[in-house]
Structure formats: structure tokens, C-alpha cells
There are 2 protein chains.
Amino acid sequence: MTRKQAILQAATRLFSEKGFKDTSMARLSKITGVAQGTIFYHFKNKEELFISILEDFRKSIINEIDRYTKENKFDTGLDMIEGAVAFYLYLAGAMEDRFLLLHRHEAYEFAKINPVCRDLLEFIYGCLINIFEQAILLGQKDGTIADVPAKKIALLIFTMVDGVVRFSTYELYDAGTLYDELINSCRKILQK
Amino acid sequence: MTRKQAILQAATRLFSEKGFKDTSMARLSKITGVAQGTIFYHFKNKEELFISILEDFRKSIINEIDRYTKENKFDTGLDMIEGAVAFYLYLAGAMEDRFLLLHRHEAYEFAKINPVCRDLLEFIYGCLINIFEQAILLGQKDGTIADVPAKKIALLIFTMVDGVVRFSTYELYDAGTLYDELINSCRKILQK
DNA sequence: AAAAAAACTGACTGAGTGCTCAGTTTAATT
DNA sequence: AATTAAACTGAGCACTCAGTCAGTTTTTTT
């Protein structure tokens, strides 16, 4: 792993754990075992470092979704929804730190003033919501899912699943114990 | 309005808009037209100011919920759910800044090290989730709602409704255009 | 081996931070 | 009118921060 990658990795962890503002470059340099100057040699400033993390996130998500859609084929759209929920929960676990970053507010604040950040966030959210929308559209084709507005219902399901992830990260409620109810609720919303 | 109230009000707005860390006491004093020292005369430190905001929030929520339960009586539990969703969306609009504060991460971070903050957050979230749980329990008594685990489903519905509020505040999707689907989805989840 | 380029260092800077406190003004009480 | 108490002020303190830069080390190219 190059120094640049090491800095990026440690920054991802710190930004998601402590937040952007609460992570100092001094601390980041200490943890990565690199001089402060080196960080600024690789990344113009703190904000560009943040953008790089989001770019990395986007790449990872694209890869994961690619792999998922290739490896998993479902008989019906309704089954695909269950797969999509499970996949989302898997993703959130596998990329825990980046999801935490996404659940923070700082990214949105930054997106307001930085178009690159805004585009990245929109793309990432688009990918995540699309997982559910595609399943709904498929189910409506094969007749297993009722004639609901696909995009809107995808948003609602996304929000519900993402909320469960939030409960987990805040340690308020374990995702596992809500899994059955989550799947059942999705099915009820979508069933004919 | 007393100076103390003015400080509290301005701090609520700034903390929710800019975040705790990104709001300086200098700026707060400038906006309220009060000397910095005055803020520290009324509040021991920045963190206690934050706690005071949460305490204020708790009081407001208790009042609003009290008023709501007194003014609104529903025939069935299933109808009550629709009322609960509408009420939550109303609350989130009426207390926009405080909900934004709740949607930030800072509060949870602070809750980890401050028991008072943790208790306040737990209480506030308890109130909000309870709105939905009570409706479900009533519906199960009068037979309009299926025999689902009330607390868990209340959490899921809460998370879905709260997600819609989030979409609104991030200006990704308007709450109004999702309202019908939100209500329908809730009904489908709960119907026998 | 020499030269050039890339990678890296860490002391330093200046702007900004939360908070203090000696002192002033205003309000309440005697 | 005199005294006490509460409310308020803002210059100043100790500290943290992102970012800089002159200089050093390592790597690549000639």
C-alpha cells in the first residue's frame, strides 16, 4: 500500500469516527506515521482529501454493485427485493466507515458549496436507491409487484433499510433483530 | 424575550445550520447582539448550551404531543397511524431547526460521553417512536391492525417517515410528493 | 556517476477557538 | 439615597488548527 493510500484509509476511518471538523491533520499524520507536510503533498487541502474519499467510495460501490448483479439472479422481482435489502445491509457492514460518513451531515453541507462533492453524493445515493428501483421495475414486468410508483416506493424502502442501518450504528437496535420485519414490510408494500 | 432565551434561540438555529463545532461563540454573540461574556454568564460552557437546547426540545415535544393526543381522537388504530404520520411531518416542519439538530451526528457523539445528553436523546426518540407504537397497539386492540411486533414495526415506520423528513431537509425530494405513498405503505404494512 | 525529479520532513505561521475575569452598568431591596 | 445583587462587557489568555516552505532524502532518468 502506498503512503497516499494509507493516508486515505486512515482519513476515512477518522472522518467517519470523529467527523471532518474534529479530525486534525496533526492527528492524521501521527496515526499514519507520516509528516503533516506529506499529507499536503498528496492532497491539496483537507477538503480535497474528503473528496478523494468520496471518489474512492464511488468506485467501491460501482464494483460491489457490478459484482452483485452478476452473481445474483432472481426468479421474481419480489424475491429480488429481499436480495436487494440483504445486499444493502451487507454493503453497509462491509463499508461501515464510509456509510457512517454518508450518514453524517458534513458531506451535505460541503455539497452545498462544492459541485464536485454534490455530484459524487448524488451519484452514490443514485446507485443505492437504484438497487431497489430496479427490483421493483422487474417485479412489475413479471407481475409479482403491484403497480406502484417505482421511484417513490424505492425511496421509501431505501429510507427504511437505511434507517435500520442507522439504528445499528447508533447501537439503538440491532439490524439482525429487525431483519424479518424489514423483509415482511417490504413484501407487504409491494405485493399485489 | 429575555437575553437568555434569545441566546438559546440563536444557538439552536446556528447549531442546526452550521453544526456545533462550526458555530463559534464569537459569531453567536454577534448575532444575538450580546457580549461573549454574557453567553458564559448564562451558560457554563458551550456544551451546557447544547444541553439546554435539548432540554428545551424535550419540553416542546412533550407539549406538542400532549396537545395532539388531547385534540385528536381516532376511530381506529389504522386511522390513528395516518394521523401519527401527519403529526410527525407537522412536528418536523414546526421544529425544523431542532429536527435538523437531531439528524446531525454531533448529538450522538456527545451522548456517548455525557449521560445527561444521552438521557435526553433517548427520551426524545422514545417520544417520537411512541407516537407510532401507541397507534399500532390501539389498532391491535380494535382489530384494525394485524398482529405484528408493535415496537419493531413502530421503529420501521418511524425510520421511513423520518427518512422522508430527511429527504425534504436535504432538498432531495419533497415530503409532500411522497405523502400518499408513505400513508399507503404504512397501511399495507399494518393491515390484516 | 551525475543530474533531475519526486517524495518527504517538521518547525513555523497567523487566524481562529472557547473561555476568563476585572470592572461597569442596570435592577431590586432596604 | 445607599446598599446589595444580578446582568453584562470586551480585552486578553492559552491553545488548536490547516496550511506553508526551506531543506533533506529517496527514486528515476540520463
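Letters go in sequence order (proteins before strands), and every chain restarts at 1. These numbers come from a predicted model, not from an experiment.
Nearest heavy atoms, A:Cys117 versus A:Leu54: SG-CD1, 3.8 Å. Residue A:Lys46 comes nearest to A:Thr23 through the heavy atom pair NZ-O, 2.8 Å, listed as atom of the first residue, atom of the second, then distance. Contact between B:Thr32 and B:Leu28 at its shortest, heavy atoms only, is OG1-O, 2.7 Å. Between A:Ile129 and A:Lys151 the shortest heavy-atom distance is CG2-CE, 4.4 Å. Across B:Met95 and B:Ser60, no two heavy atoms sit closer than the pair CE-CB, 3.6 Å.
Relative to the six-membered ring of A:Phe43, A:Lys4 meets both conditions, a distance below 6.0 Å and an angle of at most 45° to the axis.
We find that CD1 of B:Ile39 is positioned 11 Å from C1' of C:dC19, with the value rounded to whole Å. Residue B:Lys46 contributes atom NZ, which lies 8 Å from atom C1' of C:dT17 at whole-angstrom precision. The CG atom of B:Leu49 sits 13 Å away from the C1' atom of C:dC19 (whole-angstrom rounding).
Under the 3.5 Å distance criterion, with hydrogens and angles disregarded, no donor-acceptor pair is assigned to the side chains of B:Thr38 and B:Arg3.
Listed by residue number, the members of residues 4-25 of chain A with any heavy atom below 4.0 angstrom from DNA chain D are A:Thr23, A:Ser24, A:Met25.
Between A:Gly37 and B:Gly37, the residue anchored closer to the 5' end of DNA chain C is A:Gly37, taking for each the nucleotide with the nearest heavy atom.
Using bins of under 30°, 30° to 60° and over 60° for the plane-to-plane angle, the ring pair B:Phe15/B:Phe50 lands in the tilted bin.
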Hey, what are the protein-to-nucleotides 12-14 of chain C N/O distances that come in under 3.5 Å?
none

Please produce a list of atom pairs where a protein N or O lies less than 3.5 Å from an N or O of nucleotides 5-7 of chain C.
| unit_1 | atom_1 | unit_2 | atom_2 | d |
| --- | --- | --- | --- | --- |
| C:dA7 | OP2 | A:Tyr41 | OH | 2.4 |
| C:dA7 | O5' | A:Tyr41 | OH | 3.3 |

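Note on A:Ile62: it does not cluster hydrophobically with A:Phe99, by side-chain heavy-atom contacts below 4.5 Å among ILVMFWY residues.
For B:His105, the ring pair (Phe, Tyr, Trp, His ring centres under 6.0 Å) criterion is met by A:Tyr170, not counting sequence neighbours.
The side chain to side chain donor-acceptor pair (under 3.5 Å) pairs that include a residue from residues 79-89 of chain B are B:Thr76-B:Asp79, B:Asp79-B:Arg187, B:Glu82-B:Arg187, B:Tyr88-B:Asp162, where partners are two or more places apart or lie in different chains.
Two residues are said to be in side-chain contact when any heavy atoms from C-beta on lie closer than 4.5 Å; A:Glu181 and B:Val148 fail this criterion.
Running 5' to 3' along DNA chain D, contacts with non-hydrogen atoms of chain A at under 4.0 Å begin and end at D:dC17 to D:dT20.
A salt bridge does not link B:Arg58 to B:Glu55: none of the charged side-chain nitrogens sits closer than 4.0 Å to a carboxylate oxygen.
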